[in-house]
Amino acid sequence: MTQYFIRRLLLIVPTFIGITVLVFVITRFVPGGPIERMIAEVQQASMQAGGSMQSAGSGVGAATLDEDQIRELEKYYGFDKPVLVSYWEWLLKVVQFDLGTSSRYSEPVWDTIKERLPVSAFYGIVTMLITYFISIPLGYYKAVKHNSHFDHASSVVVFIGYAIPSYVVGIILLVVFASNLEWFPMGGFYGDEFEDMESIWQQIGDIFYHAALPLLAYVAGSFAVMTFMMKNALMDNLAADYVRTAIAKGIPFRQAITRHAMRNSLIPIATHFGNNISVIIGGSFLIEKIFNIDGLGLLGYESIVERDYPIVLGVLVISAILQLLGNILSDICVAVVDPRVQFR
Amino acid sequence: MSEPLLQVKHLATEFQTEQGLARALDDISFEVNAGETLGIVGESGCGKSVTSLSIMRLLPKPAGNIVQGEVIFDGQDLVQLPADDMHNIRGNRIAMIFQEPMTALNPVYRIGRQLGETLALHNPKMSKSDIRDASIRMLERVGIPAPERRLKEYPHQLSGGMRQRVMIAIALLCNPEILIADEPTTALDVTIQAQILQLLKDLQQETGMAIIFITHDLGVIAELCDRVLVMYGGRIIEQADINTLFDKPGHPYTRGLLKAIPRLDQPPKEELSTIRGMVPSLFDFPPGCRFQNRCDFVQERCRQETPELETYNDGQQVRCFRFRELVNE
Ligand SMILES: Nc1ncnc2c1ncn2[C@@H]1O[C@H](COP(=O)(O)OP(=O)(O)OP(=O)(O)O)[C@@H](O)[C@H]1O
Ligand SMILES: [Mg+2]
């Protein structure tokens, strides 16, 4: 088993290289790269300047970058070398925890990510906790009360939550509770007075006050799948032979569920756990955008739009590693709850 | 004669299905005496399992319900017994083993825990080490080698035969007065089957428990049972002691079953006789005798009236209008 996981950890290396090479190559050939962008910016600036200076009688076409400048920029971004060579240089730096410098903010990529990661991780982990906290008991109750009024009514709610995209939920929440009723702030990770607050409890309170609506939007999107997974797993297990055996032993029905059927029903949930982790820590850029949260999702999205490739690649590195570790974590969870699973 | 250990009286069980109420058991009455082995035999779907599940009150809820009758055990009617009292009887005074040893044990718990659970449940004062010792002794009794090691294993690490032995061990932990065995050997291969049957016989000798043994295999019945119930379409159609049943089977259906067993004195490769036709579904039984459309001796009366289960010589009970004529043939 330990051997298996060591092997899995080693397999991360080629997978990681595969993913990053792919994206690295794409960034090279997608039009609108940083240099083209800069040229366009300079042109725009000179057009405006030219407009105001026209009376002074200077030429229009003069204000593009000349060859030397472009070559210098190419060198700066490493575009002057073949793709794989510059990939190799990039990789060597990554291994030394140097993700390069953002072309947009001109500060180290790692610093930018380090600032955003805790925000997304906070939302991700709290969302996951709330989701499990709702889904497991709700799924349990729906299975035990299968076909009851409660079961049907809760299914309706769950399906609505599932059918409406979470960013729409976010917008509705924002309009109703922040804009109209003004119960909650419009966005942000914390308020303006955060730095001045006296106790850490006040600060935590402030974070959750700001987090309430986005968390609701996140949870609405994720708890439907888990709830139904829990319910169906438990229903299957309630009909299983070993539950009948347990009852034939003299165990009351309720205890047969909690002691026998529950443990088996958690296996699919555990399988799912690792998949959740990467999605969740990565954050949803739409929800982050709506609630103006400076998280990883939004950062990644904006960097793609702005062609800030060092950041794009940096975010990719982080999320690829999270995804790969999440898969392994999933396997560990499954091995913990299901003794039949043997990894070799 | 002393009181029977278990008396089933006019038991009827129904299932709610998509097509309406299905009466899976109709007017089932029989007795089980202390220390004897009662066989229940019949084709697939005749209600053998439903009978045992009804006695144990293990019918799938809410679909299955006992709608009529009594199950008298130790002076109380199990059908009416409060749930808590039923918990004290199950696994303690009446135990049960099932057909599928592969799925009957919980896959995520160790064997030791699954044995100990029963003991702890019915003997709350028992200490952990006593439970462990008793579990080891029980595994030894059912013929499991290296029981200390087995306690730490999971069900998937055992073979089918071993798992059924574990099931038997769990069932016998609390010295039940009755063991209900619902086709416990059907899923096992023949040599293992013979071992398990021998084990049940030996254990019965030791403990004096009564066994209700359910099977569709008359060969197994012949080996194990003192008395036999033959069921067809949710009804008992014949009840007799083992010798009477094999010497002079009363019901045409029983005769059919007996003829369908291959025998050594038959010329080889001769076609085995079968009972013609198929068992109708619970909704398609005609009025009158339920066996009429497959019976070689059917008369007009069989199609109109339902024959009663009548008692004849040697306590043989048969549900057939023509029993007296046919038995003398
Ligand atoms: N949960 C259920 N819902 C509806 N009908 C059922 C249910 N369980 C059993 N029945 C019906 O009850 C009848 C008796 O079934 P039972 O399982 O007792 O048969 P059996 O004699 O044990 O057969 P087998 O030899 O296949 O085990 C069958 O006709 C079956 O269709
Ligand atoms: Mg059965």
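Lettering of chains follows the sequences in order, A, B, ..., and the numbering in each one begins at 1.
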Under 4.5 Å from a heavy atom of chain A, the part of A104(B) involved | both

Using a distance-only test with no angle check, is there a side-chain donor-acceptor pair under 3.5 angstrom linking K142(A) and T227(A)?
-> no

I97(B) and I180(B), any side-chain heavy atoms less than 4.5 Å apart | no

Does F73(B) reach the side chain of L81(B), with side-chain heavy atoms less than 4.5 Å apart?
-> no

I172(A) side chain near V169(A) side chain, heavy-atom distance below 4.5 Å | no

Student check: side-chain heavy atoms of L105(B) and M167(B) closer than 4.5 Å = yes

Which bit of V337(A) is near chain B, if near means a heavy-atom gap under 4.5 Å: side chain, backbone, both or neither?
-> backbone

Per-residue contact mode, I89(B) against chain A (heavy atom under 4.5 angstrom) = neither

Proximal component of A240(A), with respect to chain B [non-hydrogen, under 4.5 Å] | neither

Are L115(B) and L119(B) side-chain neighbours, meaning at least one heavy-atom pair lies under 4.5 Å?
-> no

Student check: side-chain heavy atoms of R8(A) and I12(A) closer than 4.5 Å | no

Does F223(A) have its ring centroid less than 6.0 Å away from the ring centroid of Y218(A)?
-> no

Would you enumerate the inter-chain donor-acceptor pairs between chain A and chain B whose distance is below 3.5 Å?
residue : atom : partner : partner atom : Å
D241(A) : OD2  : T103(B) : OG1          : 2.6
Y242(A) : N    : T103(B) : O            : 3.3
T245(A) : OG1  : A104(B) : O            : 2.6
A248(A) : O    : G91(B)  : N            : 3.1
K249(A) : O    : H122(B) : NE2          : 2.7
K249(A) : NZ   : Q114(B) : O            : 2.8
K249(A) : NZ   : E117(B) : OE1          : 2.9
R259(A) : O    : Y109(B) : OH           : 2.6
H260(A) : ND1  : N106(B) : ND2          : 2.8
H260(A) : NE2  : E117(B) : OE1          : 3.0
H260(A) : NE2  : E117(B) : OE2          : 2.7
N264(A) : ND2  : N106(B) : OD1          : 2.9

Atom group of I267(A) that falls short of 4.5 Å from chain B, counting heavy atoms | side chain

Segment of L58(B) engaging chain A (4.5 angstrom heavy-atom cut-off) = side chain

Any side-chain heavy-atom pair from L21(B) and F15(B) closer than 4.5 angstrom?
-> no

Chain A contact via M86(B) - side chain, backbone, both or neither, heavy atoms under 4.5 Å | neither

